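Down below is the structure, laid out as C-alpha cells.
These numbers come from a predicted model, not from an experiment.
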Amino acid sequence: MGVISTDSPDSAAAATARPAMARVPLARTVVFGAVALLLFLLVVLPFGWVLNNSFHDDLTGAWTLGNYARIFQSVDLLEPLFNSLLLAVATAVIAVGIGVPLAWLVSRTDLPFRRTIRVLTLTAFVTPSFIGATGWILLAAPNSGWLNALWRSLAGAEAGPLLNIYSMTGAIFICGIYTVPYSFTMVSSALDEMAVELEDAAATLGSGTLRTMLSITIPLVTPAVIASFILSFIQGLTLFGVPAFLLTPTGIPVVTTKLAEFYQLFPPEIYMAAAYCMPLLLVTAMLFWMRRRILGRKQFVTISGKSRAGRRIALGAARWPAFGAALLLPLVSVFLPYAALLLVSLTRAWGQGLSWENLSLHWYWWALFGNSETHTAIVNSLVFSTLAATLCVMLGTVVAYIVERRMVFGASLFGAVATVPIIIPGIVMSVGFFAAYTRAPLNLYGTPLLLVAAFAATFLPIAYAHGGSILKGIGPELERAARSLGAGEGRTFLSITIPLMGGGLLSGWFLVFIPIIRELSVAVFLITPKTNVMTTLIYNAKDGGNYEAVCAMSVLLLLITLALVAAAGPLTRLTTVRRTSRKSGRKTAPAEGVLPT
C-alpha cells in the first residue's frame, strides 16, 4: 500500500516558500547587525575611547581625575577656553548681524542683482575658511600685506600697519565673514517659504515697511535666526584652520590649537588632549540641547501654497546704496582673497612683485605633475572623499530607512547614534579616531581606511538627516504593494525606494562630498605622508613659508570644489528628470495596453 500524500498544492507551495521566508529574518538580522556594527565602529567606539582616555594619566596610564583638575587649575589651559568662547561669540554676532539683513534684502526687497548676490554669498559658503585666511594674510599681514603696503604709500613710510590679520580681531573677522553664509542660507530659506498674508494684512491696516518687518517678519523667522546663531557659535568654537593660521604665530591659543599642541609635545599628551576635548563637547551638546528646548515646539514660519512671486518691498532711494552694502561681503570674502591667491599662485616669486617676467604657471605644473607629494595629495583627496561620501550616504540612507519605516524595535536608537557626531567637533572626532584605531588589534594608523571612516563618521548626521527628509516625502504604499506581491524587504528597498530617492541621494552625496574634500580638522591628527590630502598639505606647506605653492594648491582646491558645486545642480535635475520620465513611461504603457479593449 502506497503512501498517499494529503498535502494540497497550496500547502506544497507554502512548504517550498518556507525556506525563503526563513531567510528573511536572517537577512534582516545580518543587515541590522552590519548597520549596528558600523555605527558602533564609527561613532560609539571613537567617542568611548576619548572618554576613557580622559580619565588616564599620560605618564603612568593609571586612572585619574588629574587631567580635569589640571584644566581648571592652569591659567595656560583656561586661557584657550576663554579665547575660544570670545571667538565663538564674536563669530556668531557677525554672522547673524550681517547674514540676517542680507537675507532680508535678497529675499524680500527689490535689491538689484539679487541672484548674483545670493550666488556670491554661497561662493563664500564653499570656500574653506583657512584658504580665506591665507588670502587675507597676503592682503593684511602687518609688514608684507598688500593693503598695508598701499596704506604706507599713501600715509608715508613711517606709518604703522593699517591692518593686522595676525590678531584675535583678524581671526574674528575671517571666522565671521566665512560663517555669514550659514545664517544667510537659513534665514533666506525661512523668508522664501514664509507666507505673505500676515504682511499684507499689516500693510492693509496702515503699518509701514519698518514696523511690518519688526512686528511680523522678524518674529516669524526668529527660529531660523536662533538656529543660525547657535550654528555660527559652534562653527567659531570648533574651527581649527583659521586659529592655526592667524593666532598660532602670535601665541594666542584657542582650544583647537591647544589640542594640536598636546600631540606635538614629546612625549605627546594624548590622554590630556582627550580630557581637553570635553569642555568643547559639553558646550556643543548644551547648545544643541538649548536649541531643541527653545525651538522644539515653536514653528513660527507659516508656509502657504500661494505664490509670492513678484512681491518685493520697494527700497526706493536706498536701492543702490543697499546693493553696495550687499556687495561688501562678497568683496571681502571672495573677490579680494581670491584675487590675492590667484596673483601669488601665478608668480614665480611673489616677493619680486608683479611683472611679466615674474608671471608663470610654474607652481600649477609643480602641484599637478612636478611634485609627487602634491600629486598624491590631490588623488587622495578625490579618492578618499568619494569613498567617504559614498559610505556616508549609504549608511545614512539605510539608517534613515530603518528609522522612518520603524523596521525594528528601538529603531530610533539607530537614528540617535547616527546624529551624535553633530555635537562632536571635527578635531575631537580626529582625537577619537586616533585613540581608537592607532592601537592593536586594528591599528589602522597610516591607512586610507582610517581617513575614510573618520570623514564618513563626521558627516553622517548630514546624510542621515537628508535621507530622512527624502523618505518622509515617499509614501510607503508602493513598498507595501511590492511586498504583497512577494518581493522581500531588500528587493523592495532596492527596486522601489532607492529609485524613488534617486535625485535626492545624488544631491545628498554632493552635500557630503563637498565639505569632506575641504575638511582640515578631521584629518589633521590622522594623516601620514602616504595619506596626505590637499587640506593637510596646504596646512603643512604654509608653515614652510612657500606661499606660491600654498596659493596654487588652494586655487586648485577651490576650482575642484566650485566645479562640483556647479555640477551638482544639473546632475541632480538630470537624475530627477530621468526618474520622472521612467515613472511616466510605466504609467503610460499599461494605459496603452488597456485602450484597445
Side-chain angles (χ1 to χ4, degrees), residues 14 16-48 288 292 296 387-424 452-453 455-509 511-512 575-576 579 582-583 586:
T16 306
R18 195 169 296 122
M21 293 177 65
R23 285 197 297 271
V24 173
L26 178 61
R28 290 185 67 165
T29 303
V30 170
V31 171
F32 294 150
V35 170
L37 180 63
L38 278 174
L39 290 176
F40 176 79
L41 293 175
L42 293 177
V43 180
V44 179
L45 191 61
F47 178 73
F288 274 100
R292 182 179 289 272
L387 293 175
T390 305
L391 171 63
C392 192
V393 170
M394 288 175 63
L395 181 59
T397 303
V398 173
V399 173
Y401 186 75
I402 291 173
V403 174
E404 289 297 325
R405 298 295 187 257
R406 302 195 177 279
M407 301 287 292
V408 64
F409 177 75
S412 57
L413 182 61
F414 285 85
V417 175
T419 309
V420 164
I422 201 170
I423 66 166
I424 303 178
V452 170
F455 285 141
T458 303
F459 296 99
L460 181 60
I462 298 177
Y464 166 67
H466 190 75
S469 66
I470 300 171
L471 284 167
K472 281 184 172 66
I474 299 175
E477 294 79 10
L478 287 176
E479 297 166 8
R480 290 173 187 159
R483 286 178 196 167
S484 68
L485 293 174
E489 290 176 333
R491 186 177 177 185
T492 301
F493 178 70
L494 294 175
S495 60
I496 301 292
T497 312
I498 290 295
L500 289 174
M501 298 177 73
L505 285 179
L506 186 60
S507 67
W509 188 88
L511 202 62
V512 175
T575 306
T576 305
R579 180 165 55 89
R582 286 200 300 269
K583 288 168 66 179
R586 285 171 188 160

### Intermediate values then yes/no, side-chain contact (heavy atoms from CB on, under 4.5 Å), Glu479 and Tyr401
CA-CA 12 Å; Glu479 297 166 8; Tyr401 186 75; 3.4 Å; yes
## Note on the structure
Rounded to the nearest 0.5 Å, the CG atom of Leu511 sits from the CD1 atom of Ile462 at a distance of 5.5 Å
### Message
On a heavy-atom basis, which atom in Pro421 and which in Val43 lie closest, and how many Å separate them?
### Response
CG-CG2, 3.8 Å
### Task
Please report the closest heavy-atom contact between Arg405 and Pro476, naming both atoms and the distance.
NE-CB, 4.1 Å
### Task
Might you confirm whether atom CE of Met394 has over 12 heavy atoms from other residues, nucleotides or ligands at distances under 6.0 Å?
no
## Note on the structure
Between Val399 and Ala418 the two heavy atoms that sit nearest each other are CG1-CB, 4.1 Å
### Query
Are any of the side-chain heavy atoms of Leu391 and Leu387 separated by less than 4.5 Å?
no
#### Entry: Side chains of Thr497 and Leu471 in contact at under 4.5 Å (non-hydrogen atoms)
yes
### Inter-residue atom distance Leu505.CG - Thr397.OG1, 0.5 Å rounding
4.5 Å
### Query
Under 4.5 Å between any side-chain heavy atoms of Leu395 and Leu39, yes or no?
yes
## Note on the structure
Shortest non-hydrogen pair, Ala388 vs Val452, comes out as CB-O, 3.6 Å
#### Entry: Interatomic distance, Phe414 atom CZ to Phe32 atom CZ [nearest 0.5 angstrom]
6.5 Å
### Query
Taking all atoms of both residues into account, what is the closest heavy-atom pair of Ala400 and Gly468, and its distance?
CB-N, 3.5 Å
### Query
Hey, are the side chains of Ser507 and His466 touching, using non-hydrogen atoms and a 4.5 Å cut-off?
yes
### Task
Determine the minimum heavy-atom distance between Thr492 and Ala482, stating which atoms define it.
OG1-CB, 3.9 Å
### Query
Are Ile424 and Phe47 side-chain neighbours, meaning at least one heavy-atom pair lies under 4.5 Å?
yes
### Summary
Between the CD1 atom in Ile496 and the CZ atom in Arg483, the distance rounded to the nearest 0.5 Å is 10.5 Å
#### Entry: Reported CD1-to-CZ distance for the pair Ile402 and Phe493, which is rounded to 0.5 angstrom
8.5 Å
